[in-house]
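Since the structure is predicted, the reported quantities are computational estimates derived from the model, not experimental observations.
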Amino acid sequence: GGGGGERGGGGGAAGGLPPIDVSTPKGMDAMFERCFLAGLRDKLPDAELPMRCELFYANCLLTSRPEDVTLDLKGSTLKKQAKIFSVMEKKGVIAVKAIHKLDNVVSVNRNSPVYLAYCAAADAAEAEAAA
């Protein structure tokens, strides 16, 4: 294996992670996914589970966006808030369950490849920013 060695200059984007072009729906999807994972990693300890999906979205996902990025569901292929939760559930990152008719994130698989890949990239970016 062994991949990429392209170290870009600059920084400040999502804690030093490579910037995502959100002018395309695919890019916006990727940004939602990144902010979702950032929210899980930085703002949702397991002790706070289960958490209502809408609360996670408002308090963890939206607050994880880079300052210069506007998250817009209409500009993504997701269109609806619930869709990102079903996408992340399919990827094996979270489990969602309805409690009192409201969808909740009931567990986070912190060993899932998608989550671990994000954490590795974020850790590397933070280490670089601190260096």
Side-chain angles (χ1 to χ4, degrees):
E6 69 281 357
R7 288 167 61 90
L17 287 161
I20 294 173
D21 175 8
V22 294
S23 66
T24 66
K26 272 220 167 342
M28 187 61 80
D29 290 359
M31 182 57 77
F32 269 99
E33 183 170 311
R34 175 181 288 179
C35 295
F36 192 102
L37 292 164
L40 291 180
R41 174 179 177 258
D42 303 329
K43 302 185 168 145
L44 182 61
D46 288 340
E48 290 192 20
L49 294 168
M51 180 183 276
R52 293 222 320 260
C53 288
E54 62 193 283
L55 287 179
F56 174 83
Y57 184 85
N59 300 338
C60 303
L61 187 155
L62 291 181
T63 57
S64 294
R65 69 178 178 77
E67 283 169 23
D68 56 343
V69 170
T70 301
L71 288 171
D72 181 14
L73 278 166
K74 292 188 193 75
S76 72
T77 66
L78 300 160
K79 305 295 185 208
K80 291 195 170 72
Q81 207 186 100
K83 183 78 199 273
I84 183 138
F85 290 92
S86 64
V87 166
M88 297 311 275
E89 191 171 30
K90 280 200 182 80
K91 287 178 187 257
V93 178
I94 55 164
V96 173
K97 194 173 157 196
I99 301 173
H100 306 303
K101 298 189 179 146
L102 293 167
D103 283 345
N104 283 257
V105 177
V106 290
S107 68
V108 179
N109 177 6
R110 298 192 193 267
N111 295 315
S112 67
V114 174
Y115 180 81
L116 289 173
Y118 169 78
C119 290
D123 289 344
E126 279 166 21
E128 196 171 306

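For the atom pair CG of Leu44 and CG of Leu61, the computed distance is 11.5 Å after rounding to the nearest 0.5 Å.
In the hydrophobic clustering, Ile99 connects to Val106, either directly or through intervening members, whenever side-chain heavy atoms lie under 4.5 Å apart.
When the shell of 6.0 Å around NZ of Lys83 is examined, it contains 12 or fewer heavy atoms from other residues, nucleotides or ligands. Residue Lys97 qualifies as open at atom NZ: its count of foreign heavy atoms under 6.0 Å is 12 or below.
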Assess whether side-chain contact (heavy atoms from CB on, under 4.5 Å) is satisfied between Leu37 and Glu33, documenting all intermediate values.
CA-CA 6 Å; Leu37 292 164; Glu33 183 170 311; 4.0 Å; yes
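In this structure the side chain of Leu73 reaches within 4.5 angstrom of the side chain of Phe32, judged on heavy atoms. Under the 4.5 Å side-chain criterion, counting only non-hydrogen atoms from C-beta, Phe56 is in contact with Leu40. Side-chain contact between Cys60 and Cys35 is absent, with no heavy atoms from C-beta onward closer than 4.5 Å. Between Ile84 and Phe36 there is a side-chain heavy-atom pair separated by less than 4.5 Å. Arg110 is listed as a side-chain neighbour of Asp46, based on a closest heavy-atom distance under 4.5 Å. In this structure, the side chains of Val87 and Lys91 come closer than 4.5 Å at one or more pairs of heavy atoms. A 4.5 Å side-chain heavy-atom check between Asn59 and Lys43 finds every atom pair outside the cut-off. Residues Met31 and Ser76 form no side-chain contact, since every pair of their non-hydrogen atoms from C-beta on lies 4.5 Å or further apart.
Closest non-hydrogen pair, Gln81 versus Glu54, comes out as OE1-CA, 3.5 Å. Summarising the geometry of Leu71 relative to Met28, their closest heavy-atom pair is CA-SD, 4.1 Å, with the distance given to 0.1 Å. Contact between Thr63 and Ala58 at its shortest, heavy atoms only, is CG2-O, 3.8 Å. Heavy-atom minimum distance, Leu17 versus Ala122: CD2-N, 3.8 Å. Here the shortest heavy-atom pairing between Asn111 and Leu116 reads O-CD1, 3.4 Å. For Met88 against Val114, the heavy-atom pair with the smallest separation is CE-CG1, 4.5 Å.
Under the salt bridge (charged side-chain N to carboxylate O under 4.0 Å, His left out) criterion, Glu89 pairs with no residue, sequence neighbours left out.
Side chain of Asp21 to backbone of Gly27: no donor-acceptor contact under 3.5 angstrom is found. Side chain of Asn109 to backbone of Ser107: no donor-acceptor contact under 3.5 angstrom is found.
Residues Leu102 and Val108 fall into different hydrophobic clusters, defined by Ile, Leu, Val, Met, Phe, Trp and Tyr side chains chained together at heavy-atom separations under 4.5 Å.
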